[in-house]
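Notes to accompany the following structure.
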Amino acid sequence: MARPEKPLPEGNDPQLEAARWMRGLRDRAGLTNRQIAERLGVSESTVSRAMAGRSSRSLHKFLFAMTLMCDGSSEESLKLMMQLSRRRRAHLHQPVEGLLGCDPDLINTPAELIRGMRVLRIHAGQPSLAELKRRSPNRALAPTTINEILLGQRLPSALVLARYVAACGVVTPESDRWARAWQRVMFSQQQNGWRSKAPFARMIRFQLVELREELSPAFVEPFTEAHGQISGHLAESSDPG
């Protein structure tokens with residue numbers, strides 16, 4: 001018999017607020033922690049820790065998954081992600097706005113993502129587009145593509161962003177935060193009907209397998225995971241069944 005779930009303490013701590021919201025989604029959907037664990041492919045104890053607000057490094061992922069699984073509000077989910085990011089940065093005694101005015105954990109919109117990429121380029125020494133291509137894995141970063149992105153004419157795919165941050169000298173675990181930022185932006189855009197000029201499917205059509213030959217699995221995996229979750233959600237949304 002499953003052990004009764006302890007009530008959450010009072011207070012407005014972001015982790016507790018995220019846990020309360022996820023518990024509400026779970027209960028309204030009539031799911032158990034075991035069923036959620038089976039669907040997500042994780043252990044039941046991992047889900048229990050998230051529902052208790054104790055899994056701080058995984059709460060972003062659980063918020064994203066629970067929003068999709070239980071048809072939660074994308075606006076509320078993004079708000080909670082923002083609060084968690086601010087809490088984490090404060091805990092690390094780092095400025096809320098982050099490096100040169102850009103913190104990937106605070107990126108939620110297309111404009112913020114593009115601005116963040118511009119700031120990242122400045123931090124890397126403002127390399128030319130040709131130099132960014134030379135620095136990118138296998139020199140596969142197309143200058144024309146990056147120019148259009150930095151001008152705000154299109155959004156990057158997970159693959160392009162992975163190549164770009166690598167060319168700008170980003171390493172793990174910092175790269176994980178850029179992968180999560182991309183995921184939040186794409187999730188927000190898809191929930192809002194995808195108002196970008198480029199179709200949503202175009203943004204997620206790339207595969208990241210080839211990057212593993214140039215970069216460590218620890219760098220590539222967060223981008224692959226973000227790409228897979230967005231691609232899977234898109235497929236589910238388009239399924240007539």
Beyond-backbone contact of R26 with Q35, side-chain heavy atoms, under 4.5 angstrom: no
Sub-4.5 Å side-chain heavy-atom contact between E131 and S128: yes
Between OG on residue S43 and CZ on residue R49, distance to nearest 0.5 Å: 5.5 Å
For P137, side-chain contact (heavy atoms from CB on, under 4.5 Å) partners two or more places apart: R163, A166, L211, E214, L215
Connected via hydrophobic side-chain network under 4.5 Å: V42 and L25: yes
side-chain contact (heavy atoms from CB on, under 4.5 Å) assessment of W21 paired with T67: CA-CA 10 Å; W21 190 70; T67 302; 3.4 Å; yes
Enclosure of D27 CG (heavy-atom neighbours >12, cutoff 6.0 Å): yes
Main-chain N/O of L159 paired to W182 side chain as donor or acceptor, under 3.5 Å: no
Candidate list K79, M22, E76, R184, test side-chain contact (heavy atoms from CB on, under 4.5 Å), partner L63, passing option: M22
CG-CE distance between D71 and M66, expressed to the nearest 0.5 angstrom: 12.0 Å
Atom CD of E10: over 12 foreign heavy atoms under 6.0 Å: no
S45 vs S48, side-chain hydrogen bond (donor to acceptor under 3.5 Å, both in side chains): CA-CA, chis, key distance, verdict: CA-CA 5 Å; S45 61; S48 297; over 6 Å; no
Minimum heavy-atom distance between I114 and L155, given as atom pair plus value: CD1-CD2, 4.0 Å
Backbone of L150 reached by a side-chain donor or acceptor of R118 within 3.5 Å: yes
Beyond-backbone contact of L132 with P143, side-chain heavy atoms, under 4.5 angstrom: no
Closest non-hydrogen atom pair, L120 against C168: CG-CB, 3.8 Å
Gap separating the CD atom of E44 from the CD atom of E38, nearest 0.5 angstrom: 8.5 Å
Approximate separation, where rounding is to 0.5 Å, of R134 CZ and L141 CG: 12.5 Å
ring-ring contact (aromatic ring centres under 6.0 Å, His included) partners of Y164, counting only residues at least two apart: none
Between CG on residue L8 and CD on residue Q15, distance to nearest 0.5 Å: 11.5 Å
S77 (side chain) donor-acceptor with S73 (main chain) under 3.5 angstrom: no
Test log, rule side-chain contact (heavy atoms from CB on, under 4.5 Å), inputs W178 and I107: CA-CA 9 Å; W178 285 95; I107 290 174; 3.9 Å; yes
From CA spacing to verdict: side-chain contact (heavy atoms from CB on, under 4.5 Å), E17, D13: CA-CA 6 Å; E17 290 188 6; D13 180 275; over 6 Å; no
Minimum side-chain heavy-atom gap L68-F187 below 4.5 Å: yes
Flag side-chain contact, heavy atom, 4.5 Å: M117 against P156: yes
Least distance between heavy atoms, M51 atom then A19 atom: O-CB, 3.4 Å
Over all atoms of both residues, closest heavy-atom pair of P104 and R177: CD-NH2, 3.3 Å
Flag side-chain contact, heavy atom, 4.5 Å: T144 against N147: no
Listed partners of R121 passing side chain to side chain donor-acceptor pair (under 3.5 Å), at least two apart: none
Under 3.5 Å: donor-acceptor pair, side chain of D103, backbone of D105: yes
Spatial distance of atom CZ (R180) from atom CZ (F223) [nearest 0.5 Å]: 10.5 Å
Side chain to side chain, L80 and P14, heavy atoms closer than 4.5 Å: no
Side-chain (E112) to main-chain (N108) donor-acceptor, under 3.5 angstrom: yes
S175 versus T172, closest heavy-atom pair with distance: OG-CG2, 3.2 Å
Minimum heavy-atom distance A226-A179, with the two atoms named: CB-O, 3.8 Å
Exceeds 12 heavy-atom contacts within 6.0 angstrom, atom CZ of R34: no
Derivation of the side-chain contact (heavy atoms from CB on, under 4.5 Å) call for V160 and I149: CA-CA 10 Å; V160 168; I149 291 169; 3.7 Å; yes
